[in-house]
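Order of the sequence lines sets the chain letters (A, B, ...), proteins ahead of strands, with each chain counted from 1. Since the structure is predicted, the reported quantities are computational estimates derived from the model, not experimental observations.
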Number of protein chains: 2
Amino acid sequence: MTDPIAYLGPRLKEIRMKTGLSLREIARQLEVSPSFVSQIENGKSQPSVATLYALAKLLSVPVDVLFESAGDPVAAPTKANDLEVNRNNFDHPTDVWDSSRARISAVNPNNRSIITMDSGVTWERLAATSEESVNFMEIVYEPGAETNKSGDMIFHDGFEYGYALAGELEVTIGDLVLQLSPGHSMGFDSSIPHRFRNTGSTQFRGIWFVHGHNVDHS
Amino acid sequence: MTDPIAYLGPRLKEIRMKTGLSLREIARQLEVSPSFVSQIENGKSQPSVATLYALAKLLSVPVDVLFESAGDPVAAPTKANDLEVNRNNFDHPTDVWDSSRARISAVNPNNRSIITMDSGVTWERLAATSEESVNFMEIVYEPGAETNKSGDMIFHDGFEYGYALAGELEVTIGDLVLQLSPGHSMGFDSSIPHRFRNTGSTQFRGIWFVHGHNVDHS
DNA sequence: GCTAGATGTTCTCTCCTAGTTAACACCAGC
DNA sequence: GCTGGTGTTAACTAGGAGAGAACATCTAGC
């Protein structure tokens with residue numbers, strides 16, 4: 001069995017990264033030297049219980065998660081890393097917001113980050129956590145608006161989930177066409193070409209969740 | 001605030017007592033000297049992280065409960081080793097539904113899979129895609145209902161996102177307590193201990209999205 | 001280009017403390 | 001009385017928790 005204590009360092013680093021805090025900032029708040037934090041993260045030294053506890057508290061994480069084996073031994077594949085498909089041209093709602101992200105994010109409706117598309121489509125961010133490639137948002141389609149003014153279908157990595165709050169939305173996924181009415185919901189593999197269109201005469205609003213495959217990455 | 005580390009010793013003793021194990025027996029299994037265990041229990045010395053972890057493991061208790069100020073119900077097993085960590089009772093909404101999952105999933109409100117918890121909490125599945133460790137659902141908290149009847153906070157791998165449709169929900173995440181009203185939304189790293197509670201007099205309903213770290217796996 | 005400020009890392013060194021051994025006092029049952 | 005169990009405390013030591021300084025990168029600004 002693999003010693004969980006051996007993973008403590010990497011695990012700490014992983015969690016610290018998510019918080020966006022620098023090693024030196026941690027050291028400052030913990031009142032220890034930066035070098036020591038580095039030594040801990042690299043497994044060259046071990047903290048005392050007091051330091052361990054303070055560390056967990058600082059990262060607002062139960063002590064136990066520090067012992068969990070960090071994710072998967074994601075031995076980075078040497079090859080597949082360099083480039084993805086040319087999905088850059090597609091504008092899909094991943095990582096398009098500003099950079100403010102945290103481990104806990106609460107948003108009230110009057111204070112959302114909003115992105116307005118030229119095509120009568122609006123995304124309002126509902127939460128900005130430290131997860132990348134993840135978007136939780138309210139989407140608004142004005143009457144006549146559609147995903148792509150060109151009418152083309154789009155596809156991208158990951159999955160997409162939606163819940164209709166108000167109005168009607170015509171959802172096309174692959175061959176499937178369905179009408180989303182308030183209370184209806186759906187989810188699909190977004191590598192299937194898809195398109196949304198508000199064919200009705202009233203505004204459509206829905207709760208949307210979109211994420212890529214690699215929800216977290218080192 | 002009183003230092004939780006000061007309570008570590010007494011806490012250990014308390015838990016050990018419940019297991020019926022002698023101090024010397026602990027020392028034997030831990031492969032340390034009995035005197036040292038005594039010193040730890042009396043706060044005259046502190047264990048290293050390794051010893052602390054081994055200790056928690058031996059008592060089959062999460063490390064965190066060693067820091068709790070004594071008095072809380074520990075649910076310690078009567079004999080060591082016959083029970084696992086009492087974290088198992090935590091049910092969190094991942095992979096609890098039936099197996100029907102597809103690449104495209106559309107659900108209308110009258111035809112949802114529903115899980116009713118004993119505590120007045122209901123989950124209604126909004127989509128069932130082929131993704132594992134992912135749940136998109138409408139959650140309902142009746143007045144007075146809470147995540148855990150015991151009042152304990154829960155934590156698990158992954159992230160959690162919510163949008164309030166109706167009613168009020170008291171959300172506790174780590175130290176943070178916030179009131180979720182209709183239109184409000186939030187997201188957080190679910191490894192931070194959290195708890196939800198409907199403190200109001202009306203039913204709470206919200207759109208929830210929960211996923212583990214490993215969103216897809218081959 | 002240079003500087004000034006961040007970032008994380010890797011040395012070397014010191015002092016503290018985790019953990020030891022010993023002897024201690026208390027019980028049971030034989 | 002012994003012999004086995006229990007927990008406690010003193011004196012000691014070896015090892016590692018943690019500091020300090022110098023290191024190599026970066027990025028931003030002049």
Review point. Reckon A:Arg16 has a side-chain N or O less than 4.0 Å from the OP1 or OP2 of C:dT7?
Key: no
Practice item. Go through D:dG7, C:dG19, C:dT10 for me and flag the one nearest to the B:Ser22 side chain. Key: D:dG7
Point to revise | Verdict with supporting geometry, B:Arg16 and B:Glu41, salt bridge (charged side-chain N to carboxylate O under 4.0 Å, His left out) | key: CA-CA 10 Å; B:Arg16 178 177 64 80; B:Glu41 287 189 351; 2.5 Å; yes
Practice item. Would you state whether a donor and an acceptor, one from the side chain of B:Ser35 and one from the base of C:dT21, lie under 3.5 Å apart? Key: yes
Exercise for review: Examine D:dT9: is either OP1 or OP2 under 4.0 Å from a nitrogen or oxygen in the side chain of B:Lys44? Give yes or no.
Suggested key: yes
Check your understanding: Centres of the B:Trp208 and A:Tyr163 rings: under 6.0 Å?
Key -> no
Revision key, fill the gap. From CG of A:Leu52 across to C1' of D:dA17 the rounded distance in Å is 13 Å
Check your understanding: When you check the phosphate oxygens OP1 and OP2 of D:dG7, does a side-chain N or O of B:Asn42 lie under 4.0 Å from one of them?
Key -> no
Review point. Using the benzene-type ring in the case of Trp, are the ring centres of A:Phe159 and A:Phe188 under 6.0 Å apart?
Key: no
Check your understanding: Could you state the CD1-C1' distance from A:Ile40 to C:dT9, rounded to the nearest angstrom?
Key -> 14 Å
Check your understanding: Centroid-to-centroid, B:Phe209 to A:Phe136, below 6.0 Å?
Key -> no
Review point. For the pair made of CZ in A:Phe36 and C1' in D:dA17, what is the distance, rounded to whole Å?
Key: 5 Å
Exercise for review: May I have the distance from A:Gln46 (atom CD) to D:dG18 (atom P), rounded to whole angstrom?
Suggested key: 11 Å
Practice item. Could you tell me whether A:Ser33 contacts a base, only the sugar-phosphate backbone, or nothing, with contacts defined as non-hydrogen atoms closer than 4.0 Å? Key: base
Exercise for review: Report the distance from atom CD of A:Glu41 to atom C1' of C:dG8, rounded to the nearest whole Å.
Suggested key: 9 Å
Review point. According to a strict under-4.0 Å criterion, is A:Thr51 in side-chain N/O contact with OP1 or OP2 of D:dG18?
Key: yes
Study note, to complete from the structure: The residue, A:Met17 or B:Ser45, whose nearest nucleotide of DNA chain C is more 5′ is A:Met17
Point to revise | Atom pair distance, as rounded to whole Å: CG in A:Leu12 and P in C:dG8 | key: 14 Å
Review point. Do B:Arg24 and D:dG7 share a donor-acceptor pair, side chain to base, under 3.5 Å?
Key: yes
Practice item. Would you kindly check whether a donor in the side chain of B:Glu25 faces an acceptor in the base of D:dT6, or vice versa, at under 3.5 angstrom? Key: no
Check your understanding: Is the centre of the B:Phe67 ring less than 6.0 Å from the centre of the B:Tyr7 ring?
Key -> no
Point to revise | Gap between atoms CD and P, on B:Glu14 and D:dG7 respectively (whole Å) | key: 16 Å
Review point. Between A:Leu8 (CG) and D:dG16 (P), how many Å, whole number?
Key: 16 Å
Practice item. For D:dT8, take OP1 and OP2 only and decide whether either is under 4.0 Å from a side-chain N or O of B:Ser38. Key: yes
Practice item. Give the nucleotide from the list C:dG19, D:dG18, D:dG7 with an atom nearest to the side chain of B:Gln39. Key: C:dG19
